[in-house]
Protein chains: 2
Amino acid sequence: MSILKRVYFFGNGKAEGKADMKNLLGGKGANLAEMNHIGVPVPPGFTITTDTCTEYYQVYNKDQMLLIESLKPEVEAHMHEVEKLMNSKFGDIENPLLVSVRSGSRASMPGMMDTILNLGLNDAVVEGMTRKTGNARFAWDSYRRFVQMYGDVVLGMKPENKNDHDPFELIIDKMKEEKGIQLDTEFTVEDLKEMVKRFKAAVKENTGNDFPESAWEQLWGAICSVFDSWMNDRAILYRQLEGIPEEWGTAVNVQAMVFGNMGDTSATGVCFSRDAATGEDQFIGEYLINAQGEDVVAGIRTPNQITKIGSERLAELSGYSEAVRVAEHISLEEAMPEIYAELDKYQTVLENHYKDMQDMEFTVQEGKLWMLQTRSGKRTGAAMIKIAMDMLHQGMIDEKTALLRLDPNKLDELLHPIFDKDALKAATVIAKGLAASPGASTGKIVFSSDEAAEWAANGEKVIMVRVETSPEDLAGMMAAEGILTSRGGMTSHAAVVARGWGKCCVSGAGSLVIDYHTKTMTVGGKVYKEGDYISLNGSTGDIFEGQIATSEAELDADFEEIMALTEKYARMKVRANAEAPADAEMAKRFGAVGIGLCRTEHMFFEGEKIKAVREMILAPDQAGRKAALAKILPFQIEDFEGIFAAMAGLPVTVRLLDPPLHEFVPHDEKGQQDMADVMGVDVKVVKQRVDSLHEFNPMLGHRGCRLGNTYPEITEMQTRAILSACLNLKKKGITAVPEIMVPLTGILYEYLEQEKIIRTTAAKLFEEMGDSIHFTVGTMIEIPRATLTADRIASAAEFFSFGTNDLTQMTFGYSRDDIATFLPVYLEKKILKHDPFQVLDRNGVGQLVRMAVEKGRAVRPDLKCGICGEHGGEPSSVEFCDSVGLDYVSCSPFRVPIARLAAAQAVLKG
Amino acid sequence: MSILKRVYFFGNGKAEGKADMKNLLGGKGANLAEMNHIGVPVPPGFTITTDTCTEYYQVYNKDQMLLIESLKPEVEAHMHEVEKLMNSKFGDIENPLLVSVRSGSRASMPGMMDTILNLGLNDAVVEGMTRKTGNARFAWDSYRRFVQMYGDVVLGMKPENKNDHDPFELIIDKMKEEKGIQLDTEFTVEDLKEMVKRFKAAVKENTGNDFPESAWEQLWGAICSVFDSWMNDRAILYRQLEGIPEEWGTAVNVQAMVFGNMGDTSATGVCFSRDAATGEDQFIGEYLINAQGEDVVAGIRTPNQITKIGSERLAELSGYSEAVRVAEHISLEEAMPEIYAELDKYQTVLENHYKDMQDMEFTVQEGKLWMLQTRSGKRTGAAMIKIAMDMLHQGMIDEKTALLRLDPNKLDELLHPIFDKDALKAATVIAKGLAASPGASTGKIVFSSDEAAEWAANGEKVIMVRVETSPEDLAGMMAAEGILTSRGGMTSHAAVVARGWGKCCVSGAGSLVIDYHTKTMTVGGKVYKEGDYISLNGSTGDIFEGQIATSEAELDADFEEIMALTEKYARMKVRANAEAPADAEMAKRFGAVGIGLCRTEHMFFEGEKIKAVREMILAPDQAGRKAALAKILPFQIEDFEGIFAAMAGLPVTVRLLDPPLHEFVPHDEKGQQDMADVMGVDVKVVKQRVDSLHEFNPMLGHRGCRLGNTYPEITEMQTRAILSACLNLKKKGITAVPEIMVPLTGILYEYLEQEKIIRTTAAKLFEEMGDSIHFTVGTMIEIPRATLTADRIASAAEFFSFGTNDLTQMTFGYSRDDIATFLPVYLEKKILKHDPFQVLDRNGVGQLVRMAVEKGRAVRPDLKCGICGEHGGEPSSVEFCDSVGLDYVSCSPFRVPIARLAAAQAVLKG
């Protein structure tokens, strides 16, 4: 074996490694080294290189123990360095040095290997710790945790099957039963001692060996265990999926443990380089004297503010005197001014180094400050924007970095109403559903569309509660403050419509039992009646009892600046999915440069229109359909004039009638009787026709251009309406840019048939009107077969718009209305990483999209390609769309800012 | 323009072209030339080359008329040759030569251009024809047909839009109204004269020109029209689809017309070189003296037999005397012995030349025999086999040719019962449905599964009539002679199940109104009650009133020989889809070498099993499910023992539970009450659970391995049952070869989860039983996403079985149960060439299959790939499967011979 440097030291402002040595030291090891170089004190330690791991596997099963032997002198020498710096000794009883052992590979591989803390403890050392800290409970609790962690990870006590019981957990449960207690914190020191004893017995029983008492033996066990973990099934699978080569190997980081609970010169805390709630450029944080990190988080003792100003602000808010503040809530700045000055320096160093707001953990052990961790801090949407723009204005980061710092999804928070924070604290969550459409809403429960409309007309704020919604419910949904359903996923009818309108919606709240008959909603044994108040948080899926105050969102200058930046960097355009002129206006305000999807059927439900639509559907023959269509025509012209006028000069993609006809007809007796009266036929005839529209799988049935091809008169009427509207506007000097879109094409010829009808109708109309207008004809690409034959379809279609909702349904074979039975299990078991209806599945659906774009552009290089499925407003999906070269994404108006940001980021990342 | 030979003559046993000059003369022209070379007299004529067509387009819009001018001398010279041979003159009034003009390109392009017959007729010539034939009606009818045909095709009178009226047809309709007649044949000669006048007036009105009177002008118009037709929209589209280059061009064939109605030395007839019904090697045919070809076909006069033996046989069958035979039914052999001898010679020459049974048309014009057409004759399934095997035995063709001569689909006729032919003649067709599963059946109408089972148990033959069937109906379907449904396509439940059993089924007979309540079936105003007899022809879709005698199929030595030949030439293996041991036995008799799809759910419906299955589904929790599964286990073991024993030594692919659970539970009140009693719960609980199983699109819902992943205990039970059965058989010395198949995989991880359960269960069972058996684990590939990620899935799965039913559903977005609303329109409008559930769609679904095989084998070269969808028994789909390298196809037992033949043909064609 060659003689190599296998171990790299770091500590006391020096390090043998540095940031660019990730390949050799792994990400964590290189960073620990770098922290030392920039003058941030981290507990000292050393990193065993990734090359050593590779060596280990080269000699595996032959003489890897020889390698370990040859590693020993180097590790021991470095451990002595650490001992010197920490002024303690590894394995020593009176003044023990404890260490942590962690893996760390070149690429992040989360969850591949657990961390082992407090390594070095044993029956003797724990007593020394007790004496040193004067805290037996802490020492023994650390010890029993160490034994459990080491037993699970290194000694293989953790069962392979998640469903099997961890023997340590069984012991804890049994002891709780014996003691009649429920919480871990209720164990006494004696209990903890007993627990360690039983843990060790379990180790002996399971492995045949005693738990290692020697600190060194513990350490070598842990190091080998990290190396071994590189080849465990989980890690191998993860690497296969992420394309990480096996040869990279993992490094091992051994680092001194430090303790903030060693008396009054010790302390621990967390801090942020800027305010994570507001984004204000103000150092902020909390700390506790003589405490462990856990104590700050756990809320057993109330921590104090780090800065004086923070402490004073709190006093003012809480209304206590300066005397009380100084006596009980003194800041670190005042209590330990030197430590504070040092900490303040490091927070600045770290923020300047990482050029982002940092969330830091620190510990003061006997008057010495250690930085334990730093990472980019979590923040609210508002803080995210303020911090990024402040840093841009402060010259810390450039425009691109500022844009990349923003999480597009968080923009949502800024666009929708939110609950008053204080009011929220007092609120009771009664159930949880899917966060289907963001925002906050509060109102009285109603159980039907009619009632929602009626109550709202009377000035009541209502929440419409349904098992599921259908197009018949649109009027009520429009009138309600929020929508709650007990069935259906993120792309159920309720969710899609609500997002389109920017209205708050919680869907698929399966624990609700809704009874339309008694007008009640039951959950957790409690019954809520019509008229009772509830509140919904569409951003989290929480359902609350009673009323909660909400406040409207306001868009500030930072927001406008960000939008301007997206314009500068994005390649793709962003359009909106909208039918109503008001929605189109809103989309334009958010920066949409066109309508990517105008669903004509949404126009069918208002007022009298639906009767004519129903008459058309229920007609016994073509003549009857044509008569009814003639009634619909003027309505449709008016509808189209509205949307084209709202988008004057911008393109509007109008999709021809798409949904199965049964969605439009009345399924109740009264509705059927009404239609029978309108049509002058027996109600039985109406019922029979409604029944005949029943389909086993309507999603795969008579819809899309299958309607236009079996009933060409519908396509004729719609074409006439679209182009008539455009010509009417032309007379008024308003420019309409119509794009007529054929839905659900799967076969070239079905597109050709539709195109022929459209062009023939247009020619006839233009002749009649003595005027014409330019228009294009294209198709949705939402059937797998359309993607596979996109070259053929593009020979005729002038544009493609990917309908990734349907494409996902058919590529996976999932009905989005029926996935609730298995999707939660699939997400939990990690069979799926995401709901594919939310995040576009790149491997499957994405492969088809890419293929279609390539095939389409091979025959028509200037083919305009866009996406109008729900994914068009989801950032990672938008990034994918950019990568395959789409020209635009189209999404609900409220998601336009998100999509614009994601589109800019896609370019910057690419 | 260069001086080229542009026109090739043929006639009188000579020809300038020959068979291998297709590129220059087109297929038709080359064949006409070849017929002359082999001594068959065809009416003389000439072919204008395809190169001339290309020249025509090179100078198009500039000076194509110059080309036509330069063509004239050559065409005129050849026309004079024809005139000489026909002893008549083109355009002559007293002795006119009439010609036909037809296109003919290198590749067959059916329907691209209509044929023009009787060209050369005008107001004067028609009178000459009348004098020459003594048949004014014939002459004028020919004339009016010519004017209409020429007007439509050459003068552009035919409207472009199919729905618009042909002006000639309008004239005919108007004249019928004026005369108060209904049929064309009722027109008098004077009417026909008037009609010609009106036709010509219409031409003048529409085109502004007179109808051309000059024969030569007519001819040049027709020739240009053929050239022009090469670039019409229809032809361009057709070429694009078939990949035919534009440069190929079309030839023009001008050929003399001959007439069999020129007195008693003229005749016309059709004949076959062998018997098309039985395949017997006996020349056979019919003829009429002084008649046109149409007269033989039209049945206005009864034709006589060509051969003496045929004439004598007919006399014997019809029971008339030799005197009557000679007086009224004399054979051509006796009536015109020299002509007969010549004809007999030519039929032999033609059969020997084409090495296949020929269907020929001939005309004798004034004592001279002309062969007008020869083509391979249509024949019955029995004749197809006998002719091919006779020719093989006679040394005329080799084994490969014999195999390629067989239409696999026609084998079906030989395997199923058929109606007695004479009984069929008297039968009344009351409706027509889809020919869902071949065979003939007759029995009493019953409307429910229970009644079918009950009546059949009492010895009644029944036809089960349902709107549609579901798995609950299996017992009744099994008991019935045949199945009739008013809804559902070729792959509806009824159709698939019936084909699996080889049972006669007619599905989707939409004109039937079925009323379960009154137990009636109404069609065309007539009501049929329970107990009334009906008969079904599953090979044609015909539904008959009353009883019709049927006879069983018998397989002869020829059939066995063919099967042996398929074995010799096929690369792919053929397996069967079967669950019942009896079906497996049948499949083996037909040559299946394994089960490719054993649908475990089909085993669930027999007897007591269904109750345990329902209990499992309706259980409120996992414990309840496990208890019910424990009851099912012994049944499943028994089932599997049966099928493995039947297929001893051969592989059996067992698919784990696949269908949505709602298919198993009772939807009626009584059934729900029964289950409530069995389970000891309130009926409301049962109802609620049944309702909760409702899905909007069950085809895309909770089924396939989504069941096994949400309820792993089902997979455990089934694995245990499969492998227990194998081990039990092993003890008896019977070898089982189990392949466990995971259904509906779309994601690698869902397969991995299932595989883990299967392997863990197996390991546990093998330990318990102290014995083990080899088994493989693989998956159905039926979700588009599975094909797209086949490389990932193949990293774990040991075999792929393509479920092309579901794959077609999802690739097209068609629910096979709901396509009846649009599929007929799509087929009629030629949007689809075939029902994609019958014939595998190569462009879309096929592309995915090919991709999956390639991706799968890239990571696992020995990946076994097969198909178990309905397409596995459809010949062109089998051919496709061979081309993508599948290892086997699996189909219903009755289609095994078809698939075997298709598999052999695929190799021979490839």
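Just so we're on the same page: letters track the sequence lines, and every chain starts at 1. What you are looking at is a predicted structure, and each value in this text was computed from that prediction instead of being measured.
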Just by distance, do the side chain of A:D817 and the backbone of B:F696 share a donor-acceptor pair under 3.5 Å?
no
Go through the atoms of B:E468 and report whether side chain, backbone, both or neither lie under 4.5 Å from a heavy atom of chain A.
side chain
Pick from A:V825, A:D841, A:L752, A:T789: which one has the most heavy-atom pairs with chain B under 4.5 Å?
A:D841
Does any heavy atom of chain A fall under 4.5 Å from the side chain of B:Q847, the backbone, both, or neither of them?
side chain
Are B:R785 and A:V845 close enough that some pair of their side-chain heavy atoms sits under 4.5 Å apart?
no
For A:N697 and B:L700, what are the C-alpha separation, side-chain angles and deciding distance, and is it a side-chain contact (heavy atoms from CB on, under 4.5 Å)?
CA-CA 8 Å; A:N697 299 285; B:L700 305 176; 5.6 Å; no
Applying a strict 4.5 Å limit to non-hydrogen atoms, the region of B:E753 in contact with chain A is side chain
Considering only heavy atoms and a distance below 4.5 Å, find which of B:T760, B:I831, B:T787 pairs most often with chain A.
B:I831
Segment of B:K830 engaging chain A (4.5 angstrom heavy-atom cut-off):
backbone
Region of B:I747 in contact with chain A, defined by heavy-atom distances below 4.5 Å:
side chain
Is there a side-chain contact between B:M810 and A:F812, using heavy atoms and a 4.5 Å cut-off?
no
Can B:L788 and A:T811 be said to form a side-chain contact (heavy atoms from CB on, under 4.5 Å), step by step?
CA-CA 9 Å; B:L788 296 166; A:T811 304; 3.9 Å; yes
Of A:G701, A:S692, A:P698, the largest count of non-hydrogen pairs under 4.5 angstrom with chain B goes to A:P698
So, the part of B:Y826 with a heavy atom under 4.5 Å from chain A: the answer is side chain
If one checks every heavy atom of A:L832 against chain B at 4.5 Å, the contacting part turns out to be side chain
Could you tell me which non-hydrogen atom of A:K829 sits nearest to which non-hydrogen atom of B:N709, and how far apart they are?
NZ-O, 2.8 Å
If you define the side chain from C-beta out and look only at heavy atoms, does anything of A:T821 sit under 4.5 Å from B:T710?
no
Is it the backbone or the side chain of B:L744 that comes under 4.5 Å from a heavy atom of chain A, or both, or neither?
neither
Toward chain A, the part of B:D806 with a non-hydrogen atom under 4.5 Å
neither
If you tally heavy-atom pairs under 4.5 Å between each of B:H702, B:E695, B:M699, B:R706 and chain A, the highest tally belongs to B:R706
Only pairs of heavy atoms separated by less than 4.5 Å count here; which of B:G746, B:G844, B:G813 has the most with chain A?
B:G813
